[in-house]
Structure formats: C-alpha cells, structure tokens
> 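Got a structure here, written out as structure tokens. Questions coming.
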2 protein chains.
Amino acid sequence: MSAVSRVLSGDPAARLSEATRERVRQAAVEVGYHPNFAGRALKLARTDVIALIVPDVTNALFSMLVQGVEDEAVARGCVMLLARSEDMQPGGTMFDRLVGEGRVDGIVLQPRDGTDPAELAETVGMRAPLVTIHQPIPGASSVVVPDALATRTAVEHLASAGHRRIGFAGGLAASPSARRRAEGFREAVARAGLDDDPALMTWRGYQEGDGRAAVAELLALPEPPTGLVVANVNAAVGALAQARTQGRAVPEDLSVVAVHDAKTAEHTWPPLTCVRMPLYELGRAAVAALFDVIAGGPVERRAVESPPPELVVRESTAVRGS
Amino acid sequence: MSAVSRVLSGDPAARLSEATRERVRQAAVEVGYHPNFAGRALKLARTDVIALIVPDVTNALFSMLVQGVEDEAVARGCVMLLARSEDMQPGGTMFDRLVGEGRVDGIVLQPRDGTDPAELAETVGMRAPLVTIHQPIPGASSVVVPDALATRTAVEHLASAGHRRIGFAGGLAASPSARRRAEGFREAVARAGLDDDPALMTWRGYQEGDGRAAVAELLALPEPPTGLVVANVNAAVGALAQARTQGRAVPEDLSVVAVHDAKTAEHTWPPLTCVRMPLYELGRAAVAALFDVIAGGPVERRAVESPPPELVVRESTAVRGS
DNA sequence: CATCGATGATCAATCGTTTGCGCAACTGGA
DNA sequence: TCCAGTTGCGCAAACGATTGATCATCGATG
C-alpha cells in the first residue's frame, strides 16, 4: 500500500526505481485500483474540487465562462462543482455547508449584479479561497474583462458610421462592470467629439426587460439617438424588440451594438453587431487566480487583456442615413 | 464529539433528549463548527455529490435541464458537479477518476447524439449508479421526455393551418430521441391524412448546420413542403437562416415549428413557434431516478409526462396561403 | 430499598490514504 | 573487507467522523 500510494501520487521523493514504479502502475491498472477519494481528501485536507457559483445559467454568456472554468480546473487535475440555486448562493444553507465542511478547495464567484461588495464580503466571510469575476469585493482577488475598451470599440464603430448622437443602455448604476462600460462610453464619446448629452445614458440593468425600458426612455427624447450601445447582449435583445414595438427599424432608424457576443446574437432579428469579450479566457484566468490564492498568493485585481475585445459586425448597424 | 456527531446527523436512534440536542446545535452554531466533509465521506462511503455529464453547454436547452438537476440534488442535500469537457466524458481520464475514486454518489449522463448505446454502456462499465437522459443504454435506468407527442403536436398545428405537405428535419437516424420524434411525426401525418412522402423526412441531426442542410434538401424537392417540423430548436435556428438564404419567407412560404422551446426562440428572426418540453422536470426526474438506483431499486425506463408538451405559437407559422 | 428505563459521557475501532522512519539487502568503489 | 548509497519493504501514526458498547447517574415505580 505504501509503495502504491507513493507511485500513484507521483511522489518524487519516494525511494523507488523507475522500473518498480512502472510495475506498480501496471498492477494498479490491471486490478482497476483507484485511490479512495475520501481517504485522500481526509489526509491531504484537499478535495481537488473547485466551485463555480453563478446567479444565473440562462444568461447567454454563461456557456463560455463555464467552459473556461472547467477546462482550467480539469487541466489542473480538479473537477468543477456548479452552483446556481438560491440555497447555493452566498448566505444560503448549502453555501454555508460547502464552505464550512471543506467540500471545495476554492470558489469562483460571479456576484449578482447590483450586489453590495462590502455586504457580500461579509456574507462570504473569507472562509475559503475565493476569486470573484466581473466585480471585486473587499479582501478577495478578482478578475475582470476590459469593459471600457469594449464600449469604446462600440462607440468608435458607430461614430465611424456617422452617428453623432449615440445612446447608452447601461447596467445598474451600482454595478462596477456597468461603471467600467459607462466610462469607456464617455471617453469614446469625448474623444470622437460626439454629442455629450447626459440624457443619452440610461442605467436600467442587464436583463432583456431592462433593454426594452432603456430604448423606450431614449426614443422618448426630443432628439432620440440614431446609434445605441447596449452594455450586455441580453439587454440588446430586449432593445431590438422594443425598437420594433415602437416602429423603429434597426439598423435604419437605430443602429445597435451590444457588448459581449453570444451564439444567440447571430440569430436575432436582425443579427446583432457585437463586441466579443474574452469570457472563456475569463473563466480560465479566474481559476488560475484561484490557484494562486490557494497557494498563499496575495489578493490581486486582474484583468483579461487577451484576446482583446473584437468587433463582430452583423446586421444591426449601418451607416447613418442609409 | 460523539454527541455532536449524533445530533448533527439527525440520528433518531441516539439516546439524547431534545433539550440536549438543541443545546448541541446551538453550540455548533456558536463556534461555527461544521463536520469535516472528507471524514464523513470516508466513514459513510458517500460524498453527497451528483455528477451531471453533458456533451455541450452551448445548447440552448441546457439551462433548464441543469436547473432541474441542481434543484433536485440540493433538495436532497447533495451538490451537483458539472462535467462537459472531453476528459470528463465517458472514456476520458477524468471520468475514470470520477468513477473509480468514489468522488460522486451517482451520475446523470446525457449521451452524445448518435452514440452507440451498447458501446457507451461498455465504456461506462456500470461502476457507479447511473441514469441516462434522452437515450437509454443497456443496464442503466433512463428518463426521457415525450418526443412523439411533441412532434405530433407540431404536425397538428401545421395541419390545422392548412398545410398538406409537411417536412421533417430530424436528428441523426441512429438517435433514439430522433426516432421517437419521427414516430410521432409519422403518426400525426397518417392520422391527419397528410401527404405521406418519404422524401419529406430528413435525418441530418440536431445542430444548427444540420437544420440548414435539411432545409436545403427539402426545398430542392420538386414539390417542397409548405410546413416544417424541426426536431430541435438549435436546428430550427439553422433552418430559418437557410430559408432566408434561399429567398423563402417564413412563415409565408414555409411555416416552421420546432421541438423544444428556449429563451433564444423568442428572439429569432422571426420568433419561433415551438413545442415546449419539460426539460426542468426531466432534470429533476433524472435525479429522483438516480436516488432510486442508489437505494438499490431496479433498472427502469421512465418518461416525464407532466407537464405535457405545450405549443407556443410565435411568428414562424401561419395559415397556408396567407 | 431494589430494580428498571432513560439519558449523558466516554472509549475504541473503523473507514483508506499518506508519509516519516527503520531495517535489510544489494551494489559499487576504495 | 568495509563503507556508503540506493532501493524495497513494512510499520505506525495521523487525518476527522461515525457508531456500537459500556459505565454511571438519575428519576420513577413497585
């Protein structure tokens, strides 16, 4: 048993020849022996399980993220536990068990949009290694994507198509990712010398219905925008629907660009022009950061810079006046 | 320690008064004590972890299923491990570890479309409690949704709108779920006395590109169909795109109904008429079946009959000739 | 007073792996 | 021949929870 354990652990300090190691490996395969997970976990105080906690799995962006997290976990010999239900969220009973019982080595957490970071940090309690995505919380490492660059890219595309009044359908005002996107928007508007009217910026949120409300608000302006940057593809879908409801043609009356790309954007009516963000890479980077935390590294704020946001032109944008 | 363990386990045979039990519970909360997961797992030979293994998380239908699986697992005091990457699929290294090391109490497995059931059963090896969804494999329990009823519902909708030549864009011919859908289609066509032309049935698969290919094939017929039942919402998205590419208007030239509903279907161009299937309930039923297997129950083939498939009329279908 | 049942406290064995350590055998070099 | 290094083998302790069993105490009843 001693030798078997040393060989299967790949322990370099074990006093065993390579020939013996190979013999042991062969024997283990032949009898179908696998070490017992619970025995190992108990002795090593480690489960090789990473949890991904998200507020929602219906979000069109979820699939890329989850693939990134899983691939990085598996590449490091771990498996991924997915948590979406209410009980599994911070503050829930099962979350408490997950953390308190030592079921996972660490957690990648996507906070709910609009969550108060200090409050969340208190709820989570730093009882397990933690990395948040999209939004930092005090005391935890975090990884984000370059939101500002994304909205900047979107504005530049619309500006180059001749749009001077560009609306912004943003996330909730309290949301850090929403603020980063707004910052990029403002910067690009200023840089391009576009119409800098505060009424062109809305803060409804990332859901489909939020996109609808934003468009309703913007189209009610005395001088409505001819271009629109929507801070999230879910909301953009709602924006399209609302424009249609109000008899506005996209892209003829209103050109729309969404931050984040997703499979769904290819099939909207019309297909959405998007800024593709590195969500798969975000997932991988979050797990890498988590391993650094587990290894005792310092709290860090990281951003995924590569691949950079990429404009994907489809059919929701056109040159103004066309 | 002994009393603490008995109380927190909720052991009814323990000789402890309710007052003592309450005192122990309070004390545990106060000192933040949680039993150690690995210690328990080792002693009990059980991890309270259920694995959900799927071939794909980008499928628009995935989110309902995963919510059902997770909610049922959590309701039973378990957590859900998600496995999508290649290494985690049956035959992969991590799959072998998952099963061989006793990391999960059981597995809900969605086989890849077109997988040979006998081959898969051999690969999996019945080394852990297993339930498959959509497709049975020898020796394992399975749960399916009423595919035949779905396609029947779709045909009936088209027939009542005046369509006499209805095409069928099916899954792969080897796929059990595809065959069930085809069966429902044939039955409804026969029952309604519609044009029973074998050339109206295609077997390309469930992917978007497959839907495109099916439509190309059907529109090439000397007498193309005026109505189309697509056996999957992903393929339906492709079908819509292909019709457009070939200058056919939906629903005027071709009415399209898809099996399965998803958020994405509301936003297609035009919004898809679908038959909503009980995927959330499928997830829950699969976990319930898995617990029966774990408890030593017999191998069973189950179907989720409630809620029944429901027609959701959107804008991809119209009365023939309109 | 003696007996019985309920209850609290305590102990030890078990679950399966890991790992430090000691002993023994073998090999090669001085 | 002696010494040192390498390697194989085996042992025991540790990780933390569970659970059967034993002993002691208390209260109620005959």
Side-chain angles (χ1 to χ4, degrees), chain A residues 1-49 77-79 93-94 96-106 127-129 294-295, chain B residues 1-49 77-79 93-94 96-106 127-129 294-295:
Chain A
M1 183 75 260
S2 194
V4 173
S5 181
R6 290 179 220 271
V7 171
L8 295 188
S9 298
D11 181 12
R15 299 162 320 182
L16 295 169
S17 67
E18 186 53 40
T20 303
R21 287 173 191 267
E22 189 51 43
R23 217 174 65 237
V24 171
R25 285 187 205 111
Q26 280 290 341
V29 169
E30 270 162 30
V31 301
Y33 171 80
H34 290 275
N36 177 277
F37 163 69
R40 281 191 105 238
L42 180 57
K43 180 63 188 176
L44 298 180
R46 191 183 94 214
T47 57
D48 290 336
V49 179
C78 291
V79 295
T93 309
M94 291 298 289
D96 208 48
R97 284 187 58 190
L98 201 61
V99 171
E101 295 176 5
R103 286 173 166 266
V104 295
D105 294 345
R127 286 171 292 163
I294 291 168
Chain B
M1 183 74 259
S2 197
V4 173
S5 181
R6 293 181 216 271
V7 171
L8 294 188
S9 299
D11 181 11
R15 301 163 322 181
L16 295 169
S17 67
E18 187 52 41
T20 302
R21 287 174 191 267
E22 188 52 40
R23 214 172 66 239
V24 170
R25 285 187 205 111
Q26 280 290 339
V29 170
E30 269 162 32
V31 302
Y33 171 81
H34 289 275
N36 177 277
F37 163 70
R40 280 194 105 238
L42 181 56
K43 180 65 191 177
L44 298 180
R46 192 184 92 216
T47 57
D48 290 335
V49 179
C78 291
V79 294
T93 308
M94 290 298 290
D96 207 47
R97 283 187 59 190
L98 200 61
V99 171
E101 294 175 6
R103 285 173 169 267
V104 295
D105 295 344
R127 287 172 290 162
I294 289 168

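Order of the sequence lines sets the chain letters (A, B, ...), proteins ahead of strands, with each chain counted from 1.
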> Got a salt bridge between Arg23(A) and Glu18(A), using NZ or NE/NH1/NH2 to carboxylate O under 4.0 Å?
no
> Let me confirm one number: the CZ-OG distance from Arg40(B) to Ser9(B), rounded to the nearest 0.5 Å.
5.0 Å
> Ignoring hydrogens and geometry, is there a side-chain-to-backbone donor-acceptor pair from Asp105(B) to Arg46(B) under 3.5 Å?
no
> Please report, rounded to the nearest Å, how far the P atom of dA17(D) is from the NZ atom of Lys43(B).
13 Å
> Look up atom CG in Leu42(B) and atom CG in Asn36(B), then write down how far apart they are to the nearest 0.5 Å.
10.0 Å
> For the pair made of CG in Leu42(B) and P in dA14(D), what is the distance, rounded to whole Å?
17 Å
> Which value, rounded to the nearest 0.5 Å, describes the distance between Asp48(B) atom CG and Phe37(B) atom CZ?
7.5 Å
> With nearest nucleotides of DNA chain D determined for Ala3(B) and Gly39(B) from heavy-atom distances, which residue corresponds to the more 5′ nucleotide?
Gly39(B)
> Return yes if some donor-acceptor pair links the side-chain N/O of Thr47(A) with the main-chain N/O of Ala41(A) below 3.5 Å, else return no.
no
> Check every nucleotide of DNA chain C for an atom under 4.0 Å from a heavy-atom of chain A, then give the first and the last such nucleotide from 5' to 3'.
dG16(C) to dG22(C)
> Which of residues 16-35 of chain A sit near DNA chain D, with a heavy atom under 4.0 Å from it?
Leu16(A), Ser17(A), Thr20(A)
> Taking the side chain of Arg15(B) as its heavy atoms from C-beta onward, which of dG16(D), dC23(D), dT19(D) lies nearest to it?
dC23(D)
> Measure the distance from CZ on Arg46(B) to C1' on dT19(D) and round it to the nearest whole Å.
14 Å
> Give me the one residue out of Val29(A), Leu16(A), Val7(A) that meets side-chain contact (heavy atoms from CB on, under 4.5 Å) with Val24(A).
Val7(A)
> Tell me which of Ala38(A) and Arg6(B) sits closer to the 5' end of DNA chain C, going by the nucleotide each one is nearest to.
Arg6(B)
> Between Ser2(B) and Arg6(B), do the side chains contain a donor N or O and an acceptor N or O under 3.5 Å apart?
yes
> Tell me the interatomic distance from Arg40(A), atom CZ, to dG16(D), atom P, rounded to whole angstroms.
17 Å
